[in-house]
Amino acid sequence: MEEIRFDAFLSYSKRENEPLAHALHNGLHRLAKPWHRLRAVDVFRDAHDLSASASLKGSIKEALLSSEYFVLVASPASAQSRWVREEIALWRENRPATKVLLVLAGGELRWDPTVGDFDWTVTTALPRPEAERWFAEEPLWVDMRAIPMLELRMRNPVFQDAVATVSAPLRGCSKAQLVSEDLRLHRRAVRVRRSLLVGLTVLSVLAASAAVVAWQQRDEARAQARRALSRALAAAAQDRSDDDPQLAIRLGLYAYEADSTPEAKAQLMRLIAANGRITSFVRRAYQSFPGREKANGITVKSIVLSPDGRMAALVHQQVNDVIVWDTVRHREIALLPSRTGTTGGNLTPYVDFDDSGRTLTVSNPSSGRAAEWEVPSGKLRKTGPMSSSVPSASEEPPFLPDLPDECVFRGPATPEAPWRPWDASRAAERLVIVCDGGELRVLNTRSGAVVASKRLDPGVAWIATAISADGKWITAGNSDGDVVSFAADLSAEQSLARHSNSVADIAMNADGSVVLSTSDVGDVVQSSLPDEAQLANVTAGIRSRDTVNDFPYTSLTASPDGRWLLTWQSGSVELWDVRRRVRHAIYRQAAQAVSFSPDGRRFALLEGDTIRVRDTQSLKTLAERTARGDSAAKGRALTSAVGGFRIVTERSNAGSVNSGPLTVSAVWDGGRRVLSTPSGYPATAVNGRYFAVAIPSKTDTDGQVSDWTVTVWQCDGLLAPKALWRTRTDRSLSKVAVSDDGEYLVLGDIEDKGEIVRRSQPDRPRPMDGGNTVSGSSEYVIAHEQGVVVQHTDGIRQGADEADSHNQLLLWDLATGRLVGSWKEPMATVPRGQLTHLALVEDGTRVATIRPNGNIGLWNVSPADWRADLCRLADGEPTPSQLAFYLDGVDVPTPCPG
């Protein structure tokens with residue numbers, strides 16, 4: 001037997017009974033506690049979520065086996081909890097039943113003395129497989145069901161009495177003795193406080209003299225409390241993200257409202273990534289239908305969409321009630337009570353909209369009855385016998401092709417075959433089915449040919465799948481609660497939603513703009529697949545199949561006002577209107593360079609030896625001139641054509657690329673200034689009216705540059721540039737970035753480790769901590785108004801699986817240099833070293849990237865925008881009891897007013 005280290009082990013459902021367990025834990029520690037002891041008894045309570053674990057953690061097993069008593073918070077939720085049931089089984093296997101204490105938090109407990117066991121026809125708060133015939137006699141239990149959540153405190157005599165009932169066996173005394181001792185210690189504390197009151201009166205005089213200092217320290221203490229609360233709420237949001245994503249969003253918003261700590265920003269970023277495709281949390285887990293509160297937690301298990309996708313029927317698993325959901329306005333619009341009787345066994349009611357979407361028929365295969373409803377009014381039209389044309393749940397579609405053995409599913413012709421999730425689109429002539437080994441296949445329903453296949457995660461069961469009527473989108477859901485989507489060829493995999501339990505059903509409209517999914521515990525989520533626009537928000541998902549064969553060179557540049565984007569690659573240049581998300585023009589010529597005017601109203605393309613200047617809005621050609629010479633000379637001519645300035649690095653020997661001394665110059669319309677003649681190749685960056693030039697000033701014995709001088713300049717394109725400030729670094733620089741106000745620098749070295757330098761502290765760089773070394777190929781941009789630095793890497797991070805590498809966007813906190821988080825590119829086919837160029841657009845709230853296939857992504861890097869998007873999903877506040885529990889008395893304004 002393990003050495004006894006704890007007086008008791010507290011087992012409970014973290015999803016339902018966290019507040020009661022927390023209050024009970026504190027009460028046991030405080031009741032009749034001598035002043036010289038930290039706590040009255042030692043009770044182990046695991047405060048962390050175990051949902052990501054495959055089994056009980058070793059530390060929890062060790063604590064359970066080294067505890068004197070097992071205290072179980074009994075409820076239907078704990079009876080269904082995998083972790084609670086494993087804890088009960090482990091205790092039963094190793095420790096006696098006489099050391100078990102029960103605290104009833106919900107459901108029912110009834111002992112039957114005639115059989116010497118619980119009456120399992122009534123008892124719902126214990127798991128029958130683990131607890132049946134365990135106790136030789138009725139165990140000690142206390143009923144706390146009637147105590148409101150806000151009254152779970154020791155000042156409440158009812159709660160205190162219940163705590164005393166549990167604590168007495170742990171202390172080895174009667175409850176009366178324990179209560180008496182608690183009263184005695186309380187009276188002694190009162191006497192001590194009264195004695196101290198006299199001393200405090202004297203000390204108050206001294207305290208008055210320190211009032212000024214205390215007043216100054218008050219604000220700092222409050223700020224520290226809010227920072228600590230922000231970090232705690234961010235951690236709590238992460239803990240609840242799997243079992244209650246909407247509560248996780250609400251807690252994440254409060255974390256950011258309490259203080260915009262890097263942890264709070266990181267949590268908002270994770271929430272945006274996890275919920276970016278979700279448009280509404282339709283129903284919570286175990287949420288009952290109106291009037292069906294006693295239906296044993298059975299709720300939505302199937303979903304049917306109207307032909308136009310504007311309405312959805314959410315079908316009760318057993319009693320056949322239907323809730324009609326408006327997918328456009330995101331609200332319930334009708335409740336259709338059952339008129340066909342309950343469904344027995346595993347049968348599922350058949351629900352169908354007519355072609356107009358205005359009539360909904362509910363057919364019950366168990367009773368043979370059907371009801372016809374008018375929607376959205378909810379008016380009952382008629383009831384009667386079920387139509388003989390209603391298909392069976394196992395009936396095969398009439399256009400099903402011959403399937404290979406590994407894909408044959410159970411139907412009238414093959415009842416012995418395994419059940420498989422499948423869906424079909426007659427219009428697209430496509431069937432999607434999960435075959436043996438978790439292989440997702442798309443087949444042509446006419447020929448039976450395999451159009452696409454993909455091996456899904458074999459570690460989970462795949463329960464549901466759906467295909468859009470146009471055949472362009474496919475979704476699949478698994479036993480872990482994940483809903484993922486694919487393009488028609490099963491590329492561009494992305495996460496749509498995460499449920500708290502196994503996925504039960506998925507419904508999708510014709511074009512994938514509405515996807516509804518539900519789980520075994522009835523939570524329903526509405527999400528949306530990306531549209532067909534080439535210019536899309538990456539953080540909200542992007543359409544992209546990103547299969548690149550030739551990997552052409554691509555790049556982009558933004559106009560100074562962030563309204564326009566010019567992208568160019570092999571053989572073409574495109575002009576994009578960022579605000580309207582449309583391509584404004586395309587030119588089928590190869591361009592060596594492009595440039596905007598300082599006001600963004602004109603742009604110029606360098607095509608061979610010709611420079612053409614056009615009006616950005618009207619696209620009218622304004623000027624055309626010849627540019628001759630090397631690339632530096634043509635760059636100067638391009639700048640002269642549209643204004644502004646340009647940094648040019650060139651060799652002094654005409655006609656030679658690799659010989660002669662280097663010269664770094666700033667050129668503008670009518671002028672040129674030589675900035676440096678470095679011994680090694682410099683690194684430069686331009687952002688608006690500011691630019692930075694990093695000059696190597698020292699080389700080590702291996703030929704590596706080990707010391708650089710970086711200068712920040714200002715130039716308006718009219719007058720000569722002037723140096724503002726400089727810094728030095730011993731990093732082996734590869735990239736430099738400057739903010740659009742000239743106040744910040746980012747210096748990145750060849751190992752993709754960087755540092756942030758501020759003008760006010762040029763000798764105190766802040767290392768960018770938290771990221772792993774990658775391959776040495778990164779781009780940086782500073783979004784200083786958003787308080788972040790954006791870094792693009794090629795994804796080969798230290799210790800990562802090379803086969804699963806993705807290009808990534810990393811966000812760093814500008815104030816602290818700490819890593820906020822990372823987003824993967826929504827593709828896996830881009831080769832290593834294939835960088836995405838970066839540009840700030842839309843007032844610095846988004847970073848534009850371009851992929852090798854020409855697709856442009858807009859990454860929202862504004863925490864304020866993240867908060868606005870998440871407020872829409874939060875759709876309300878935490879409950880008063882949740883606010884009291886998580887805020888712990890700290891006053892935090894509502895993050896989503898109105």
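Computation of the quantities below employed the complete heavy-atom set of this structure, encompassing side-chain atoms and omitting hydrogens, waters and symmetry-equivalent molecules. The first residue of the sequence shown is numbered 1, and numbering continues consecutively from there.
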Task: Which atom of D7 lies closest to which atom of E68, heavy atoms considered - done: O-CB, 3.4 Å

- [ ] Check R498 against D480 and note the closest heavy-atom contact, atom names and distance.
- [x] NH1-O, 3.0 Å

Task: From E86, R85, Q80, residue fulfilling side chain to side chain contact (heavy atoms under 4.5 Å, CB included) relative to R82 - done: E86

Open item on the list: Could you check whether N860 and S862, counting side-chain N and O atoms only, form a donor-acceptor pair closer than 3.5 Å?
Closed with: no

Task: From CZ (F885) to CD (E18), nearest 0.5 Å - done: 4.5 Å

Task: Backbone N/O of A77 and side chain of S81: donor-acceptor pair under 3.5 Å - done: no

- [ ] State which residues pass ring-ring contact (aromatic ring centres under 6.0 Å, His included) with W325; sequence neighbours excluded, sorted by chain then number.
- [x] none

TODO: Please test D161 against K175 for salt bridge (charged side-chain N to carboxylate O under 4.0 Å, His left out), starting from the C-alpha separation and ending with a verdict.
DONE: CA-CA 9 Å; D161 181 78; K175 183 170 75 171; 3.2 Å; yes

Task: With sequence neighbours excluded, residues passing side chain to side chain contact (heavy atoms under 4.5 Å, CB included) with R758 - done: Y744, S760, R766

Task: Polar side-chain atom of S241 near backbone of P245 as donor-acceptor pair, under 3.5 Å - done: no

- [ ] Can you see which heavy atom on A168 is nearest to which on L178, and at what distance?
- [x] N-CD2, 3.8 Å

Task: Residue list, salt bridge (Lys or Arg N to Asp or Glu O under 4.0 Å) with E151, at least two apart or on another chain - done: R153

TODO: Check whether any side-chain heavy atom of C871 lies under 4.5 Å from a side-chain heavy atom of R867, and answer yes or no.
DONE: yes

Open item on the list: If we ignore hydrogens and angles and just use 3.5 Å, is the side chain of S519 paired with the main-chain N or O of V521 as donor and acceptor?
Closed with: yes

- [ ] Would you please name every residue forming a salt bridge (Lys or Arg N to Asp or Glu O under 4.0 Å) with R145, sequence neighbours left out?
- [x] E108, D143

Task: Test item: Q177 side-chain N/O and S174 main-chain N/O as donor-acceptor pair under 3.5 Å - done: yes

- [ ] Taking all heavy atoms of A40 and all of L31, pick out the closest pair and write down the distance.
- [x] CB-O, 3.4 Å

Task: Carboxylate-amine/guanidinium contact E842 R846, below 4.0 Å - done: yes

Task: Residues Y69, V166; criterion side chain to side chain contact (heavy atoms under 4.5 Å, CB included); working and verdict - done: CA-CA 10 Å; Y69 280 83; V166 178; over 6 Å; no

TODO: Please list all pairs passing the salt bridge (Lys or Arg N to Asp or Glu O under 4.0 Å) test where one or both residues lie in residues 244-254, with sequence neighbours left out.
DONE: none

- [ ] Show your working on side chain to side chain contact (heavy atoms under 4.5 Å, CB included) between Q526 and H330 and close with a plain yes or no.
- [x] CA-CA 9 Å; Q526 180 176 334; H330 303 287; 3.3 Å; yes

Task: Results of side chain to side chain contact (heavy atoms under 4.5 Å, CB included) for P895 - residues two or more places apart only - done: L253, Y254, E257, E877

Open item on the list: If you define the side chain from C-beta out and look only at heavy atoms, does anything of L811 sit under 4.5 Å from Q791?
Closed with: no

Task: Flag, side chain of S230 to backbone of A264, donor-acceptor distance under 3.5 Å - done: no

- [ ] Answer yes when D259 and R227 have at least one side-chain N-carboxylate O distance shorter than 4.0 Å, and no when they do not.
- [x] no

Open item on the list: Would you compute the distance between atom CG of L152 and atom CG of L24 and round it to the nearest 0.5 angstrom?
Closed with: 9.5 Å

Task: Check: T894 side chain, C896 main-chain N or O, donor-acceptor pair, under 3.5 Å - done: no

Open item on the list: Quick check: closest heavy atoms across S528 and L496, and the distance to 0.1 Å?
Closed with: O-CD2, 4.0 Å

- [ ] Answer yes or no: is there an ion pair linking E332 with R283, defined by an N-O contact shorter than 4.0 Å?
- [x] yes

- [ ] Decide yes or no for R155 and Q160: does some side-chain heavy atom of the first lie under 4.5 Å from some side-chain heavy atom of the second?
- [x] no

Open item on the list: Using a 3.5 Å distance criterion without hydrogens, assess whether the side chain of H25 forms a donor-acceptor pair with backbone atoms of V43.
Closed with: yes

- [ ] Ignoring hydrogens and angles, tell me if any N or O in the side chain of T123 forms a donor-acceptor pair with the backbone of R110 under 3.5 Å.
- [x] yes

- [ ] For the pair D875 and R872, find out whether any cationic side-chain nitrogen is under 4.0 Å from an anionic carboxylate oxygen.
- [x] no

Open item on the list: Below 30° counts as parallel, above 60° as perpendicular, anything between as tilted: where do the rings of F9 and F70 land?
Closed with: parallel

Open item on the list: In the structure I gave you, are the side-chain heavy atoms of V483 and V503 within less than 4.5 Å of one another anywhere?
Closed with: yes

Open item on the list: Any side-chain to backbone donor/acceptor pair from W866 onto K265? Under 3.5 Å, distance only.
Closed with: no

Task: Residues, nucleotides or ligands: over 12 heavy atoms within 6.0 Å of D888 CG - done: no

Open item on the list: Checking Q246 against R284: is there a side-chain donor and acceptor pair closer than 3.5 Å?
Closed with: no

Task: Flag side-chain contact, heavy atom, 4.5 Å: L883 against T879 - done: no

Open item on the list: Distance alone, cut at 3.5 Å: any donor-acceptor contact between the side chains of E87 and Y12?
Closed with: no

Open item on the list: Run the side chain to side chain contact (heavy atoms under 4.5 Å, CB included) test on M144 and V158 for me, step by step, so that the C-alpha distance in whole Å, both residues' side-chain angles and the decisive distance to 0.1 Å come before the verdict.
Closed with: CA-CA 9 Å; M144 293 194 185; V158 178; over 6 Å; no

TODO: Ignoring hydrogens and angles, tell me if any N or O in the side chain of N17 forms a donor-acceptor pair with the backbone of L20 under 3.5 Å.
DONE: no

Task: Criterion side chain to side chain contact (heavy atoms under 4.5 Å, CB included) on F159 and M154, from CA distance to verdict - done: CA-CA 6 Å; F159 179 71; M154 293 301 287; 3.9 Å; yes

TODO: Would you mind reporting whether V142 and L104 have side-chain heavy atoms less than 4.5 Å apart?
DONE: no

- [ ] Report yes if the side chains of L101 and L72 come closer than 4.5 Å at any heavy-atom pair, otherwise no.
- [x] no

Open item on the list: If I compare all heavy atoms of D523 with all of A285, which pair ends up nearest, and what's the gap?
Closed with: CB-N, 3.5 Å

TODO: Determine whether R171 and V41 make a side-chain contact, defined as any pair of heavy atoms from C-beta on separated by less than 4.5 Å.
DONE: yes

TODO: Look at R5 together with E62 and state whether they make a salt bridge at an N to O cut-off of under 4.0 Å.
DONE: yes

